[in-house]
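Report on the following structure.
Since the structure is predicted, the reported quantities are computational estimates derived from the model, not experimental observations. These values consider heavy atoms only, across backbone and side chains, with no hydrogens, waters or symmetry-generated copies.
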Amino acid sequence: MKTINKMKIFRIVVVLFTASIFLGCELGLQEEFEFKPELTITDSFKDITAWDFMNNFGLDSLRDVQTGELVLDPVTRARQIDGDSFDYMLAAIKKAGLEDLYQQKATTNRTYFLLNNRAFLQGRSILRTVTGSNSTIIFEGFVGGIPILREGTAEEIMENVDTPAEMEKLKTILMYHIVTEYVAQRPTLFLFGEWYVYQTLIPGQDGLIGLMRDEIDFININGRKRNPQYSPSPMPASAQVWDAQVYNHNYIFSNGIGHHLSEPVRNKPY
């Protein structure tokens, strides 16, 4: 009898312990599911323009997390820029002569999709789209028959935009990423899973852009590849193949609101 009682007690303990583990896991999953990381509105920049924001907070070089020293390219020894910063967008805006679009104070009815360095250099890179090349290497000549190469600055690389056709393409890309209305996740995109179509600074049908807020409050642009469960995008196929998802939302400026993108979007091919 004593042996049987001990076995029963042991089995009860095992069952209770196992149940507690499963219950604990279940509660953890519920908390993770309900977490919405993108509801905060960043109004710390409400006294500066989108242009000021990029100039003051969007230029950065990678630094070692322990020493704080600049991270240099192992070959060229040039500083490595932070992919989340806006060195290339600033250089592109200056090259295109469109500073006034980001400095304007006449209206707050503007939504700026700010394109980070990755949007210019990786994937469907803006640099390749405009110039046909994704290279950021500057050739400085030969020393002893050996070519001297270095990593160019954003300003130097954007100087490769040197034909009227390339300049027109660059201006079109930048202007398509400015919407003529103030679009926050909420309450502007009121219903999640529904598409809202807006006009960018590109006139006519070619300047339309589709925006949809998903159930975890990320803005999806022009397509639903990341969220195929939602209603189809109203945008043409040429726009849907270049869809994107905002990764940082609701930067309130004195002249509108900004959202960060890591890849460019379009309506029709640039």
Side-chain angles (χ1 to χ4, degrees), residues 36-39 42 50 54 58 83-86 88-89 92-93 101 110-132 134 168-251 256-270:
K36 297 185 186 302
E38 289 294 329
L39 296 178
T42 307
M54 287 189 289
D84 289 329
S85 297
F86 303 104
Y88 274 87
M89 185 164 190
I93 294 168
L101 296 182
R110 289 288 183 271
T111 299
Y112 299 96
F113 288 106
L114 305 181
L115 296 152
N116 67 16
N117 292 326
R118 275 190 283 271
F120 279 83
L121 302 176
Q122 298 177 6
R124 52 179 185 248
S125 81
I126 295 172
L127 187 59
R128 184 188 296 111
T129 299
V130 173
T131 69
N134 212 34
E168 185 62 27
K169 191 176 292 188
L170 179 61
K171 289 181 177 180
T172 301
I173 291 173
L174 293 173
M175 292 173 66
Y176 186 74
H177 288 82
I178 302 178
V179 175
T180 59
E181 295 184 47
Y182 187 102
V183 183
Q185 292 157 294
R186 299 184 185 183
T188 318
L189 305 179
F190 186 71
L191 299 173
F192 81 80
E194 295 294 323
W195 286 96
Y196 298 80
V197 178
Y198 295 94
Q199 188 73 46
T200 68
L201 290 183
I202 303 299
Q205 290 289 319
D206 292 345
L208 297 181
I209 189 170
L211 306 178
M212 182 266 288
R213 176 175 63 85
D214 63 28
E215 80 276 9
I216 56 172
D217 286 325
F218 284 96
I219 295 176
N220 296 256
I221 305 177
N222 284 348
R224 57 172 189 161
K225 281 189 295 186
R226 295 166 179 80
N227 291 289
Q229 71 273 27
Y230 296 126
S231 59
S233 167
M235 304 303 292
S238 59
Q240 294 188 44
V241 296
W242 269 39
D243 72 337
Q245 190 176 69
V246 172
Y247 73 93
N248 279 332
H249 299 74
N250 299 339
Y251 284 73
I257 189 169
H259 308 292
H260 297 186
L261 281 179
S262 288
E263 50 191 345
V265 291
R266 71 183 187 191
N267 187 314
K268 70 173 189 177
Y270 293 117

(Q) Please check: side-chain N/O of N250 versus main-chain N/O of A184, any donor-acceptor pairing under 3.5 Å? (A) no
**Q.** Heavy-atom pair with the smallest gap, counting every atom of L121 and S125
**A.** C-CB, 3.6 Å
**Q.** Rounded distance [0.5 Å steps], CD in Q185 versus CG in D217
**A.** 5.5 Å
Q. Tell me, do Y198 and T180 make a side-chain contact under 4.5 Å, heavy atoms counted?
A. no
Q) What pair of heavy atoms forms the shortest contact from L261 to A244, and how long is it? A) CD2-CB, 4.2 Å
Q. Is any side-chain heavy atom of P264 closer than 4.5 Å to a side-chain heavy atom of H177?
A. yes
Q. If you draw a 6.0 Å radius around CD in Q205, do more than 12 non-hydrogen atoms from other residues or ligands fall strictly inside?
A. no
Q: Spell out, as yes or no, whether a donor-acceptor pair under 3.5 Å connects the side chain of Y112 to the backbone of H260.
A: no
Q | Inter-residue atom distance F113.CZ - I219.CD1, 0.5 Å rounding | A | 5.5 Å
Q.
Check whether N220 reaches the backbone of R224 with its side chain - one donor and one acceptor, N or O, closer than 3.5 Å.
A. no
Q.
Would you say that T200 contacts L208 through its side chain, given a criterion of any heavy-atom pair below 4.5 Å between the two side chains?
A. no
**Q.** S233 side chain vs N222 backbone, donor-acceptor pair below 3.5 Å
**A.** yes
Q) CD of Q122 to CG of N134: how many Å apart, nearest 0.5 Å? A) 8.5 Å
**Q.** Derivation and outcome, side chain to side chain contact (heavy atoms under 4.5 Å, CB included), residues M54 and I93
**A.** CA-CA 11 Å; M54 287 189 289; I93 294 168; 3.8 Å; yes
Q: Return yes if some donor-acceptor pair links the side-chain N/O of H249 with the main-chain N/O of F218 below 3.5 Å, else return no.
A: no
Q) H259 versus L114: any side-chain heavy-atom pair under 4.5 Å? A) no
**Q.** Interatomic distance, T172 atom OG1 to R266 atom CZ [nearest 0.5 angstrom]
**A.** 13.0 Å
In a table with atom names and distances, give each donor-acceptor pair under 3.5 Å that connects a side chain of residues 189-196 to protein atoms at least two apart or in another chain.
residue : atom : partner : partner atom : Å
W195    : NE1  : S231    : O            : 2.9
Y196    : OH   : F190    : N            : 3.4
Y196    : OH   : L191    : N            : 3.0

Q. Hey, does the side chain of T111 reach the backbone of I257 with a donor-acceptor pair shorter than 3.5 angstrom?
A. no
Q) So, do P234 and V197 sit near enough that their side-chain heavy atoms are less than 4.5 Å apart? A) yes
Q) If you round to the nearest 0.5 Å, how far is CE of M235 from CG of N267? A) 4.0 Å
Q) Would you say the side-chain atoms of S262 and N116 include a donor-acceptor pair closer than 3.5 Å? A) yes
Q. Excluding sequence neighbours, so at least two apart, what forms side chain to side chain donor-acceptor pair (under 3.5 Å) with D243?
A. K225
Q: With rounding to the nearest 0.5 Å, note down the distance linking CD1 in I173 to CD1 in I202.
A: 10.0 Å
Q) Is the backbone N or O of I178 less than 3.5 Å from a side-chain atom of R110, with the two atoms forming a donor-acceptor pair by type? A) no
Q: Please confirm whether the backbone N or O of W242 pairs with a side-chain atom of R124, one donor and one acceptor, at under 3.5 Å?
A: yes
Q. If you look at every heavy atom in G204 and Q199, which pair is closest and at what distance?
A. O-NE2, 3.0 Å
